[in-house]
Number of protein chains: 2
Amino acid sequence: MSVILIADDEVRIRRLVADFLKRDGHTMLEASNGEEAIRLIEQHGEIELAILDVMMPEKDGFSVLRYIREQELTAKMPVMMLTARAEELDQLHGLQSGADDYVTKPFSPLVLCARVKNLLLRAGKKDDNTNKFGELDIDEIRHEVRVNGKDIGLTPKEYELMIYFKNNRGIALSREKILNAVWGYDYFGDLRTVDTHIKKLRAKLGEYGGKIETVRGYGYRFEV
Amino acid sequence: MSVILIADDEVRIRRLVADFLKRDGHTMLEASNGEEAIRLIEQHGEIELAILDVMMPEKDGFSVLRYIREQELTAKMPVMMLTARAEELDQLHGLQSGADDYVTKPFSPLVLCARVKNLLLRAGKKDDNTNKFGELDIDEIRHEVRVNGKDIGLTPKEYELMIYFKNNRGIALSREKILNAVWGYDYFGDLRTVDTHIKKLRAKLGEYGGKIETVRGYGYRFEV
DNA sequence: AGTATTTTGAACATTTGGTGAACATATCGC
DNA sequence: GCGATATGTTCACCAAATGTTCAAAATACT
């Protein structure tokens with residue numbers, strides 16, 4: 001349901017958290033240090049929650065938190081801090097570091113999942129469940145897109161593209177942004193690949209194909 | 001969002017700063033010495049911040065700073081100085097050199113980014129989200145310009161021209177400046193090409209076409 | 001391993017936009 | 001008012017962006 005960033009240098013912890021939250025339907029982004037976390041935040045536009053370990057190489061959790069609060073776009077992102085020892089907790093509160101929640105290691109994955117849920121709810125996680133536009137129905141539960149009630153059989157990439165467009169309707173998206181968001185920030189492919197997928201998506205959308213408008217000299221825009 | 005000049009003779013530093021600030025959405029101009037920096041400032045009309053290394057060949061950072069403060073057009077440009085050693089800092093302040101901020105090497109790119117952001121905010125540049133002038137609406141999110149609520153279908157060059165005018169409203173812009181800003185500083189084309197685009201832009205702006213005034217013997221000015 | 005599906009980008013087609021020469025018109029200094 | 005210069009306007013050619021097709025490569029499925 002949401003896109004969540006987990007930053008921790010311990011692979012075990014990262015995997016553990018990521019696996020549990022994935023099972024809750026979230027999309028997980030993983031970073032093994034602070035620099036990486038910041039890069040992910042910069043490049044991935046729609047992160048809805050960040051879980052940061054305090055102790056990390058390159059840049060610690062506080063630095064990343066400060067970065068998040070400084071950037072206008074991310075300033076209001078809910079942030080959960082992971083700390084290794086209970087003693088640090090007081091320090092954290094004393095520092096008024098601006099995090100939204102603290103969890104001390106070792107933690108129970110289920111407790112963590114519950115707190116994540118709370119944070120997302122508290123953040124008013126905009127239930128952007130508007131996925132029906134006329135006879136175009138983007139069904140994220142069934143993981144399919146229907147036109148006139150019939151599944152149009154999108155491939156994985158086409159589906160992700162569709163979701164990205166849906167989450168950014170009315171916004172002009174450059175090919176670069178689309179590549180970063182749908183293919184991943186570490187993908188270095190031809191920008192024109194986007195065009196090819198757009199074409200196929202438009203074709204499958206049939207009468208709704210025109211809803212994906214070309215923004216000449218820039219990229220594309222999904223209109224509803 | 002903003003156009004920023006970085007002048008430093010060390011390529012590594014230049015690239016580092018440029019890369020980070022690019023990720024923040026800024027357009028970067030790079031100079032490897034003071035002479036080059038001044039040339040770029042002369043040719044590029046809308047530089048919003050200059051980051052100058054103190055120690056550079058040809059002309060050092062102070063000389064460039066003095067130049068900036070002497071020119072009426074650039075006198076108020078925020079300037080950030082980079083200095084190699086902490087000791088120099090006192091000296092700088094003592095000299096009252098007129099820079100807006102100082103950063104000592106080695107520095108954290110993120111700290112630098114944050115300070116840049118502060119300077120731009122302080123300069124009142126960032127909040128220039130005024131894109132509605134009566135019934136003329138310049139929508140950078142949708143990447144379109146509307147008059148009376150209707151998209152006037154600008155071509156890429158026309159759109160960029162419009163944005164440039166919007167960011168420099170009330171300022172007389174020579175054809176050279178316009179070419180440098182919209183076409184790129186490495187473009188060598190006919191100055192009259194600007195006229196052709198102005199004509200088309202005026203036509204599409206309809207009743208607002210007159211807002212682009214001719215400054216005879218010089219260039220054009222967007223008035224609101 | 002073998003088959004089916006999906007992804008990818010090169011190649012070509014088509015559409016759209018950019019450019020500057022040429023001519024028309026306006027403005028200025030005298 | 002006249003010539004000189006600057007700007008407005010039009011248009012045809014060329015350049016660039018996007019659409020489209022396709023086959024090879026990668027991936028998933030069995």
Side-chain angles (χ1 to χ4, degrees), chain A residues 143-145 151-165 172-223, chain B residues 143-145 151-165 172-223:
Chain A
H143 209 267
E144 72 180 19
V145 175
D151 181 14
I152 59 174
L154 296 185
T155 67
K157 271 268 149 27
E158 288 157 8
Y159 179 78
E160 285 178 63
L161 194 54
M162 183 77 257
I163 297 295
Y164 182 58
F165 272 127
L173 302 162
S174 68
R175 292 181 173 72
E176 262 135 356
K177 271 189 194 161
I178 295 172
L179 266 193
N180 276 334
V182 178
W183 274 257
Y185 65 94
D186 55 350
Y187 180 83
F188 296 103
D190 197 318
L191 285 178
R192 296 299 308 282
T193 294
V194 174
D195 298 35
T196 304
H197 284 269
I198 295 278
K199 160 158 181 10
K200 292 205 262 181
L201 184 52
R202 276 173 171 164
K204 290 189 181 176
L205 285 173
E207 59 188 299
Y208 286 91
K211 295 294 179 184
I212 299 175
E213 295 175 358
T214 302
V215 182
R216 209 146 231 284
Y218 191 73
Y220 298 93
R221 184 179 54 209
F222 181 55
E223 211 54 74
Chain B
H143 208 270
E144 75 182 15
V145 175
D151 181 15
I152 59 174
L154 297 186
T155 67
K157 272 271 157 10
E158 288 158 9
Y159 180 79
E160 285 178 63
L161 194 54
M162 184 77 255
I163 297 294
Y164 182 58
F165 273 127
L173 302 162
S174 69
R175 292 180 174 73
E176 260 138 356
K177 271 189 191 164
I178 295 172
L179 265 193
N180 278 334
V182 177
W183 274 257
Y185 62 91
D186 54 351
Y187 179 83
F188 297 104
D190 196 318
L191 285 178
R192 296 299 309 284
T193 294
V194 174
D195 299 34
T196 304
H197 284 272
I198 295 279
K199 185 215 170 307
K200 293 204 264 184
L201 184 52
R202 277 174 171 164
K204 290 189 181 175
L205 285 174
E207 58 187 300
Y208 286 91
K211 294 294 179 182
I212 299 175
E213 295 173 359
T214 301
V215 182
R216 212 178 160 74
Y218 189 72
Y220 298 93
R221 184 181 53 213
F222 181 55
E223 212 53 76

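Here is how names work: the chains are called A, B, and so on, in the same order as the sequence lines, proteins then strands, and each is numbered from 1.
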Students often get this wrong, so: under 4.0 angstrom with heavy atoms, is B:V182 touching a base, only sugar-phosphate, or nothing?
nothing
d(NZ, B:K157; P, D:dA17) in whole Å
8 Å
With sequence neighbours excluded, what pairs up with B:Y218 under the ring-ring contact (aromatic ring centres under 6.0 Å, His included) test?
none
Can you tell which of C:dG17, D:dC11, C:dT7 lies closest to the side chain of B:P156?
C:dG17
What's A:V194 touching, base or sugar-phosphate or nothing? Going by heavy atoms closer than 4.0 Å.
nothing
If every non-hydrogen atom of A:E160 is compared with every non-hydrogen atom of A:V182, which pair is closest and at what distance?
OE1-O, 3.6 Å
Numerically ordered, the residues 197-214 of chain A set in heavy-atom contact under 4.0 Å with DNA chain D is A:K199, A:R202, A:T214
Report which part of the nucleic acid B:Y220 touches: base, sugar-phosphate, or nothing (heavy-atom distance under 4.0 Å, all strands).
sugar-phosphate
Short side-chain N/O contact to C:dT19 OP1/OP2 from B:Y187, under 4.0 Å
yes
List the protein contact pattern of nucleotides 23-30 of chain C with one symbol per nucleotide (5' to 3'): B for base contact, S for sugar-phosphate-only contact, - for none; contact means a heavy-atom distance under 4.0 Å.
---BBS--
Measure NE2/B:H143 against P/D:dA17 and give the value in whole Å, please.
13 Å
Within the pair B:T196 and C:dG20, is there a side-chain N or O less than 4.0 Å away from OP1 or OP2?
no
Which heavy atom in A:D190 sits nearest to a heavy atom in A:L179, and how many Å separate them?
O-CD1, 4.2 Å
How close or far is atom P of C:dG20 from atom CZ of B:R175, stated in whole angstroms?
14 Å
A:W183 vs C:dT7: side-chain N/O to OP1/OP2 distance below 4.0 Å:
no
C:dG9, OP1 or OP2 - any side-chain N/O from A:T193 closer than 4.0 Å?
yes
Within this structure, what is the CD-to-P distance between A:E160 and C:dT6, rounded to whole angstrom?
14 Å
Reckon B:T155 has a side-chain N or O less than 4.0 Å from the OP1 or OP2 of C:dG18?
yes
